[in-house]
Structure formats: C-alpha cells, structure tokens
Participant: 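Sharing a structure with you now.
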Amino acid sequence: MEALHISNSLTRRKEKFQPLNPPFVGMYVCGPTVYSNVHLGNVRTFLTFDIVYRYLQLLNFKVRYVRNITDVGHLTGDTDDGEDKIGKKARLENLEPMEVVQQYTNDFHDVMDLFNILRPSIEPTATGHIVEQIESIKKILANGYAYEVNGSVYFNVRKFSEDHPYGELSGRKIDELMNNTRELDGQSEKRDPLDFALWKAANSSHLMQWPSPWGQGFPGWHLECSVMSTKYLGEKFDIHGGGMDLKFPHHECEIAQNIGATRCDCPVNYWMHGNMLTVNGRKMAKSEGNGFTPEELVTGNHKLLDKGYSPMTVRFFMLMGHYASTLDFSNEALQAAEKGLSKLEKAMETLSKLNPSAGEGTFDVESFENRCRAAMNDDFNTPILIATLFEGVKAINGAAAGLVALRAEDITSLQKTFQSFLREVLGIQSEKGSQEKQSNNSESEALLDLIVTMRTKAKANKDWATADKIRDVLSAYGITIQDSKDGSSWTRN
RNA sequence: GGUCCGAUGGCCGAGUGGCUAGGCUCAGCUCUGCAAAAGCUGCUACAGCGGUUCGAAUCCGCUUCGGACCUCCA
C-alpha cells in the first residue's frame, strides 16, 4: 500500500490514515494498573503500540504518545463493598498505597526497557489528575448525563443513549445489554445496571481517597483515560489504543464520558485494539494462572517453558504474528523465532563485510525497500515485513556465496533498509553487542585470535585431532568456530 | 444464554476471488578433513458439507470445533 492504512475498530474497516493536524499525531494508549507485575500478555499490547509509535515516526509524523499509569485502586468487583486492588495489596504487604504504586510502576518500566519498548511522550497518572477528573464530572453532571447518590456519581447510560449512540465501538445494543446484565449485589445505588461510576464515595477505611464536591471518595476507573486524553491531546484526537479486552466496557464508557463532558461528536478517529496472547488457546491472564513474568521467560524457570528465551527473541516472536490476531504461545514457536532471528542477525553481519561486485546488481534493492514500507503501510503488518526482510537475507547470503551481485550502493541501501525496518521500526536490537560488553575485552579477543591461528596451523598440518579438540573446547565456552575458504573465524553464541 | 471473532501444510503464522508468503522442522544434494554456516532441491495446505462463479482457501449458507467479550483484565 502506498499510504498508511489502519484497521479501525470503530468502523470495522481498514481506512487510510489521515491525521487531524499533520504532521502532528496524537495517540493515547491505556496503560497498566500498577498493583501487580506485568505479564507477557500485557507486554504484547504495549509492543503493538510501540510499533505504531515507531512506524509513525519513521513516516516523519510528530507523535505525541500518551500512555497512562492507573494508580488509583479500583474495586476488585462491581460492588460497593469490593476492596480496591492497590489498597488491598498495601494492606497485605503493610505498605503505603503509593509504595505499591511505585514498586509496580518501576517494574513496568524495567519490563518495557527489557523488551526495548519506547517510553511514551507523556505518562500521566490518575492520582495526578484528580482535580481534572472532578471538573469533568461537574461538566457531565451539568450536561445532564450523570446523577449523584449518597456521595457517589454515576453516568446515566440510558439518558446518554437517547441523545447519542452508545455501544458503537463494541457493537452492543443497549436493550441486549439490559437483558444480559447479571444481578449483582450492592448495585442498589445505580438507577440502571448499565450505569457506571464516575465518582465513588469512600468510607474511612478506604486508603486512597480525595475530597470532592460530593464528599470523600475516588474517581471511577474509566474516567481517568477520558480526562487525560482530552487534557493532553484535545477533545478530538487521532489514535486510541488498548487491549481487545478493554473494548467493552472501558472504551465504550470512555467515549460516552468524552461526549458527555465535551459534547464532541467523535472524540477519537481511529480506535485500535491489540489481540490477546494465548497459551494453549486460552487468553493469558492472571486468573488463569498461565501468565509468565519476563524473568521466568528469560530464565526458563516456569513449568510451561522448555528453556529460557532472550527478550529480543520474544519480541521477534510476537512480531511474527499480526497484532489484530490472537497469538498462541508455544515453545516450538519461540524456538523457531530464536533461529529465525539469529539468521537475520547473521545476515546483517555478513552484509557489513560484503565485498561489492562490479557491474550490474542482480537484486532490486529499491523494490525491496518499497515492499518493506508497503507491509507496514498495510495496518502495521509486521509478519509480512519480516517475510520481506528474509528475502533480503536471501540476497545477502546469496551475495556472500557469489550467486547474487550487489554493488556498493546496493549494499549501503540494504544496510539502510535493515537499519530502518529491523532496528528502528521492529525495534530489534543486536543482543550480541550487550553481551560482548559484559564478557568481552581486548585480552580475550587477542587470545581467541591466537588460538584460532594455532588451529589453522594444525589444520594446515592435517592435525585434525588438535583442530577438533580446540573447536570442542571453545564450543563448551559458547564460542563457535566456523571454517570457510577464506580461513576460520569465531563468534560468541 | 446474548454479541462478536476464528479454524491454513509436521509446527508457528501471512494472504483473502485466478499469479497459491515467510520462518522453523524433516529428507536429499553442493561446499567442507569432519562439522557448522550458507546455497540448491523436495514435502503444496487452507475444518466439513452445500451454493454463487469461467474460476474460491478467499464470497454466501449450514454444520462441527475453538476463542474473546457480556464482571476487574493488555
């Protein structure tokens, strides 16, 4: 595709991307609730929007990327007597709620760094925007779409739906929702089961609470995203993202609140939803007990893991599937990703050492670059991009084997394309570099060079026993010796 | 129960009316002292049954199976 197209959850169509205010793009993504460690499923969603962010930047858009931290403890259930998650954790671990928040925010950041997921432009917190949330509730009340009961304020969904469509994003019909709403205890304050809280009154034992015109309490879960996206991106902005599981009710409520507060007809132009990471066909979730932490993944210390996988292997694995499809986790798939990635990295190295050939080139690098771009333009299709990059790998290896001719400018151009698409867009870093920094120094390098030279001598003397012994011993230390016509070389695994 | 989505070769995964990705695995070959790497070749799939069409994995219908959401969830 010649221009970027995005699958819009709101219209259920693939649409040409047209920012409201080019070259500026506003993107809001629902971030984590920081009351526990993030698992791999969470990582997938943030990775999806990392790719969006990176690619928009490659297209020279000036992106303001806002991703929130939910640090208000929302209730564990939809009942008035439910305990809030952060408060619960704080009580159990005998910590201040904000200590819990800090701890898991730090963890979240560490995990994002581990997977090379870029920081957003603004990372606002719910607790930092209590004032704005209260102001927003006032507006919604003034517009007649909310009501107060005993110090709590609820959004009036039925009233709202009389004036505006409700349920467009998630494809719900308000009457169907009515029929399927389960009877829950403690909802007596709501006039209608579909209504949701904008502000909840808190009793004195509730740890996180703030004063408001309606008394002591805390904001409803959906409100912070409406308020913070409006504050930093405006009443109308380009892209809103999040996990598929947030579509309903969270995003539906967000839309209603935005419209309810600002009377803007359509707050977001493009809604994007990342699909779930599954394990044995089931959604990875804490409640299923099938989630891994990044640490378990890297060390392989989990009953579902055969071995550990590097962060870049995991990143690459996730990008081998399209963000809008479910992706099933398996050891086999991870291993395939590991090998594929290593092939790609090796080709990058080969490329840097390639001797240019004179005369005509036999690989169309311009078309290659265009196909990489076209893949991403088609709704960020990373699997197609990866498949295309492997065509480049084939050309590079072919050139090394003397079957493909690459001129000096072809090599430069290929390097540029790999740099742009593999490193900058897919965000795949070379893991070798970081390892070498830790375990390598000029001394060991000199020693290894010496050993390889000695082995070459042994080979020249047809002393295979010595040559093989050297290779075996080095192999045990994770160093691979490769022989070719031009001589021997060593690499760390 | 309601709403929606999916079912692709040994595995993972794109594609979505004709040209039938890619990675991994497996087998054979080339290269090599042997390996490794790389290259070449082979393995031709679209859940089932009907229908539309000159032509369908791709559109329509039904069936079977799986999943997500409907409650906090990325």
Participant: Using a heavy-atom cut-off of under 4.0 Å over every strand shown, decide if His273(A) touches base, sugar-phosphate, or nothing.
Facilitator: nothing
Participant: Within the structure shown, what part of the strands sits under 4.0 Å from Leu389(A) by heavy-atom distance: base, sugar-phosphate, or nothing?
Facilitator: nothing
Participant: What integer number of Å spans the P atoms of U8(B) and A14(B)?
Facilitator: 11 Å
Participant: If you go through the side-chain atoms of Arg12(A), does one of them form a donor-acceptor pair with the base of C5(B) closer than 3.5 Å?
Facilitator: no
Participant: Mind telling me whether Trp271(A) and His240(A) have parallel, tilted or perpendicular rings, with 30° and 60° as the class edges?
Facilitator: parallel
Participant: Within the 4.0 Å heavy-atom criterion, would you say Lys283(A) contacts the bases, only the backbone, or no part of the nucleic acid?
Facilitator: base
Participant: Can you find a donor-acceptor pair, distance only, under 3.5 Å between Asp468(A) side chain and G33(B) base?
Facilitator: yes
Participant: Please classify the nucleic acid contact of Met320(A) as base, sugar-phosphate, or nothing, using heavy-atom distances under 4.0 Å.
Facilitator: sugar-phosphate
Participant: Go through it in stages, so that I can follow the logic: the residues are Lys14(A) and Asp378(A), the test is salt bridge (charged side-chain N to carboxylate O under 4.0 Å, His left out), and I'd like the CA-CA distance, side-chain angles, deciding distance and then a yes or no.
Facilitator: CA-CA 9 Å; Lys14(A) 209 180 273 184; Asp378(A) 188 5; 2.7 Å; yes
Participant: Indicate, with a heavy-atom threshold strictly under 4.0 Å, whether Ala387(A) touches base, sugar-phosphate, or nothing.
Facilitator: base
Participant: Strictly under 3.5 Å: I want the nitrogen or oxygen pairs between protein and nucleotides 39-42 of chain B, one per line.
Facilitator:
residue: G39(B); atom: OP1; partner: Asn397(A); partner atom: ND2; Å: 3.4

Participant: Could you check Leu341(A) against Thr326(A) and say which one's nearest nucleotide on RNA chain B is further toward the 5' end?
Facilitator: Thr326(A)
Participant: Would you check if Phe390(A) stacks with the base of G23(B), given a 5.5 Å centroid limit and a 30° plane limit, both strict?
Facilitator: no
Participant: Which value, in whole Å, describes the distance between the P atoms of nucleotides A27(B) and U20(B)?
Facilitator: 27 Å
